[in-house]
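Chain letters run A, B, ... following the sequence lines, proteins first and then strands; every chain starts at 1. No experiment lies behind these values; they were computed from the predicted model shown.
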Protein chains: 4
Amino acid sequence: MDTREKLLHSAKKLFASKGFDRVTVDEIVKDAGVAKGTFYLYFKRKEDIIREVAIMAMPFQALSDVFKSVDRESFRNLGDYLRFLGEKFFEHYSDRELACIFFHTVSIKSSITSLNDLHRELCSKLIKEGTRRVLEFVNIEEKKAEVLFRTFLGSLLHYLYSEDCSPIDHKEYLENLVQILTNSINNSTSSK
Amino acid sequence: MDTREKLLHSAKKLFASKGFDRVTVDEIVKDAGVAKGTFYLYFKRKEDIIREVAIMAMPFQALSDVFKSVDRESFRNLGDYLRFLGEKFFEHYSDRELACIFFHTVSIKSSITSLNDLHRELCSKLIKEGTRRVLEFVNIEEKKAEVLFRTFLGSLLHYLYSEDCSPIDHKEYLENLVQILTNSINNSTSSK
Amino acid sequence: MDTREKLLHSAKKLFASKGFDRVTVDEIVKDAGVAKGTFYLYFKRKEDIIREVAIMAMPFQALSDVFKSVDRESFRNLGDYLRFLGEKFFEHYSDRELACIFFHTVSIKSSITSLNDLHRELCSKLIKEGTRRVLEFVNIEEKKAEVLFRTFLGSLLHYLYSEDCSPIDHKEYLENLVQILTNSINNSTSSK
Amino acid sequence: MDTREKLLHSAKKLFASKGFDRVTVDEIVKDAGVAKGTFYLYFKRKEDIIREVAIMAMPFQALSDVFKSVDRESFRNLGDYLRFLGEKFFEHYSDRELACIFFHTVSIKSSITSLNDLHRELCSKLIKEGTRRVLEFVNIEEKKAEVLFRTFLGSLLHYLYSEDCSPIDHKEYLENLVQILTNSINNSTSSK
DNA sequence: GATGAATGAGAATTCATTCAT
DNA sequence: CATGAATGAATTCTCATTCAT
């Protein structure tokens with residue numbers, strides 16, 4: 001692991017536990033085992049490393065990769081598709097640090113213009129793309145498809161957010177979620 | 001508005017826009033139009049006002065009041081009930097500042113023990129209570145009821161979170177969400 | 001106990017335990033059970049109450065009263081006289097708070113001109129007067145008499161100062177001290 | 001002189017003249033010619049430098065070294081021994097700053113637990129060791145030996161304390177003090 | 001006399017950033 | 001590339017003092 005990676009790794013760990021603003025550059029370099037000055041060889045300012053770590057933790061990272069690599073033909077139906085997305089989501093956030101950082105990112109993004117813009121862009125893209133995919137499987141109004149997809153995402157995020165409030169295994173949670181959503185559609189509309 | 005309220009009001013506004021850690025006590029008192037020392041007359045430390053504002057913004061504030069004041073008899077079915085909860089939710093967060101603060105709170109809570117504990121407690125209670133209410137309306141497995149309620153909450157939160165990513169009117173969003181969830185139930189089980 | 005006395009009493013207690021500079025006016029009024037503004041009705045500034053309490057605690061208070069009220073004729077010899085002074089000293093400092101305050105006073109006096117001057121004046125007077133009295137009892141050089149008297153005072157003060165370092169009963173300490181000092185004189189010079 | 005030494009040196013000077021609590025970190029760094037942040041590179045908090053300076057000024061520093069380096073054989077009698085200790089004492093406090101700081105330390109120690117404990121420990125040790133040494137020279141009761149040693153120390157401290165109240169040269173003071181104490185012993189007991 | 005809210009100067013402490021080695 | 005001492009602006013927090021009621 002080179003110096004830059006060591007710094008990113010330490011920053012990620014520390015940011016996850018205390019939030020971006022409560023971690024000092026001192027703590028990062030101490031944890032990474034490098035000198036203070038070294039930090040500034042790799043990152044012009046603290047904000048730079050925040051931005052980099054924040055981007056890693058966005059859920060769109062996990063899902064937009066998925067969008068790129070797979071297409072409609074790979075799945076029998078919406079259920080299989082959502083199940084697949086959900087698994088990828090949980091895979092990404094099996095790294096608990098990323099989940100924490102994601103929540104910090106949501107909080108901080110408004111203070112970092114570039115991050116805010118990126119976030120909005122990725123988020124819009126994800127919703128649009130997700131909605132489009134849903135519509136490939138089922139024949140419903142676009143609005144409803146969008147709400148369905150946003151509900152899917154929201155449910156997954158809420159699971160992360162409330163994981164320690166009520167313990168359900170994530171596989172079980174996902175299975176139930178997929179059933180709820182597909183049940184709703186399958187019976188009211190005709191599956192394509 | 002007395003001094004304490006002025007401080008809370010200014011703090012809420014500023015916290016919403018920049019996050020707890022990026023607002024200084026100086027900014028708060030300047031906005032509130034009082035002297036620096038006055039702040040410490042009402043809040044022993046900055047963390048105290050953070051805690052107080054954070055608690056105001058928790059979604060459980062909005063919903064737990066609802067739980068207390070209404071019961072099953074008031075509603076014809078699950079749909080009406082969720083619609084009612086959703087309206088209360090959006091009413092609470094029609095104050096956009098509260099929504100912003102909520103996201104900051106999720107981020108910061110891990111650094112403030114008392115807040116973390118309170119959050120977990122309220123969150124657990126809300127999930128438990130919400131699940132119980134769902135079961136009063138429909139005859140499904142408890143696990144599924146819980147996922148359904150968490151999905152409902154998650155969807156609402158995700159709406160707040162991604163409001164500026166894709167514009168759907170919140171009434172329309174809620175209506176679609178309720179339909180998705182109730183449709184799912186109505187078609188797979190017998191409504192009570 | 002009137003308000004002024006209540007304030008002095010509380011100040012004395014608090015000053016004793018934490019030193020003048022580490023006690024706030026707030027703490028004093030809280031302990032005295034009066035309002036903050038009331039303090040300033042009785043003392044123009046914090047320094048005024050410090051000065052007043054400091055003066056109460058000076059060892060010269062205890063001893064100079066003694067000087068005024070008694071004279072040579074009342075005592076058979078130097079031993080009796082020193083024993084009497086020592087008893088008065090311990091009587092005064094049986095109030096442990098006064099002893100603590102005395103040490104704080106020694107420390108702070110240089111920062112409060114009026115206190116420093118008063119202290120030096122009282123201290124000089126005490127040494128001069130003490131030396132004169134010793135010379136009424138024994139026929140020794142003036143220098144030696146002064147050292148003897150200062151040694152007597154120093155020993156008493158050192159007792160207070162190191163009371164919790166090695167436990168000797170104060171009566172026993174005084175008795176031994178008087179014996180050491182008188183033994184030295186009686187055998188080398190002729191008692192008057 | 002490195003930065004840390006510069007800070008200690010400045011602190012010592014300022015503490016001596018105004019007491020620990022009336023000297024600000026700002027004054028120290030200004031006097032030392034370094035930036036404010038630099039102070040906190042060497043001392044975690046102001047109390048740390050107070051503690052360090054306070055320890056330097058304790059009389060036990062001066063005397064306990066003496067105890068280690070010399071033994072009974074080096075001296076003909078108690079007088080020589082006390083004379084030697086006294087000289088070391090005055091040597092140590094020829095640095096007037098140390099004397100001032102010592103009095104501040106006595107005042108402040110009760111507010112700094114670690115300092116209070118250290119002080120008590122060193123003080124007890126000094127009294128115990130001093131008493132033991134006295135008993136090597138003369139054949140008197142242990143209690144009396146302890147009072148004699150504490151009187152010796154007290155007299156020296158009182159000299160420092162009242163130096164500007166009555167001017168006696170410190171050599172002359174010491175000589176008279178030693179005579180008073182040894183005379184007392186020689187006349188009442190047999191020297192070993 | 002008594003009150004206590006309000007003040008603001010001032011003190012301690014933090015921390016991102018620079019730079020000479 | 002790497003270092004870590006030095007910086008100083010920014011921040012939190014304290015507290016003696018005032019003053020309108």
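- B/Y42 comes within contact range of the sugar-phosphate backbone alone, with a heavy-atom separation under 4.0 Å but no base atom that close.
- Atom CZ of C/R45 has 12 or fewer neighbouring heavy atoms from other residues, nucleotides or ligands inside a 6.0 Å radius.
- Residues B/L160 and B/F103 have side chains in contact (heavy-atom distance under 4.5 Å, counting atoms from C-beta outward).
- If you take CZ of A/F39 and P of E/dC15, they are 14 Å apart, rounded to a whole angstrom.
- One atom, NZ of A/K36, and another, C1' of E/dC19, lie 13 Å apart when rounded to the nearest Å.
- For B/V25, counting side-chain heavy atoms from C-beta on, the closest listed nucleotide (F/dT12, E/dG8, E/dT13) is F/dT12.
- A/F20 places its CZ atom 14 Å from the P atom of E/dA16, with the value rounded to the nearest Å.
- No option in D/K46, D/K44, D/K12, D/R4 other than D/R4 meets the salt bridge (Lys or Arg N to Asp or Glu O under 4.0 Å) test with D/E52.
- The interatomic distance linking D/K6 (NZ) with F/dA5 (P) rounds to 14 Å, in whole Å.
- Relative orientation of the C/F102 and C/Y93 rings is tilted, given thresholds of 30° and 60° on the angle between their planes.
- Counting only heavy atoms from C-beta outward, the side chains of B/R51 and B/I55 approach each other to under 4.5 Å.
- Under the side chain to side chain contact (heavy atoms under 4.5 Å, CB included) test applied with C/V53, the options C/L8, C/D48, C/L98 reduce to a single match, C/L8.
- Separating the CG atom of C/L41 from the P atom of F/dT18 is a distance of 12 Å, rounded to the nearest angstrom.
- Phosphate contact (OP1/OP2 of E/dA12, side-chain N/O of D/R45, threshold under 4.0 Å): absent.
- D/K46 comes within 4.0 angstrom of the backbone, heavy atoms only, and of no base.
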Any chance you could encode DNA chain E as dot-bracket? Rule is Watson-Crick or G-U wobble with both distances under 3.5 Å; [ ] for pairs crossing earlier ones, | for another strand. .||||||||||||||||||||
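- In this structure, D/D26 and C/T3 both approach DNA chain E, and ranking their closest nucleotides by distance from the 5' end singles out C/T3.
- Ranked by how close their nearest DNA chain F nucleotide is to the 5' end, A/G37 and C/T24 are led by A/G37.
- C/L7 has its CG atom 10 Å from the P atom of E/dT3, to the nearest Å.
- Looking at every heavy atom in both residues, A/H104 comes nearest to A/A16 through NE2-O, 3.2 Å.
- Across the protein-nucleic acid pair, C/R22 atom CZ and F/dA16 atom P stand 14 Å apart, rounded to whole Å.
- If you check every strand for non-hydrogen atoms under 4.0 Å, B/V29 touches nothing.
- Between the CG atom of A/D21 and the C1' atom of F/dA10 there is a distance of 14 Å, given to the nearest Å.
- Between D/Y40 and E/dT13 there is a side-chain polar atom (N or O) within less than 4.0 angstrom of OP1 or OP2.
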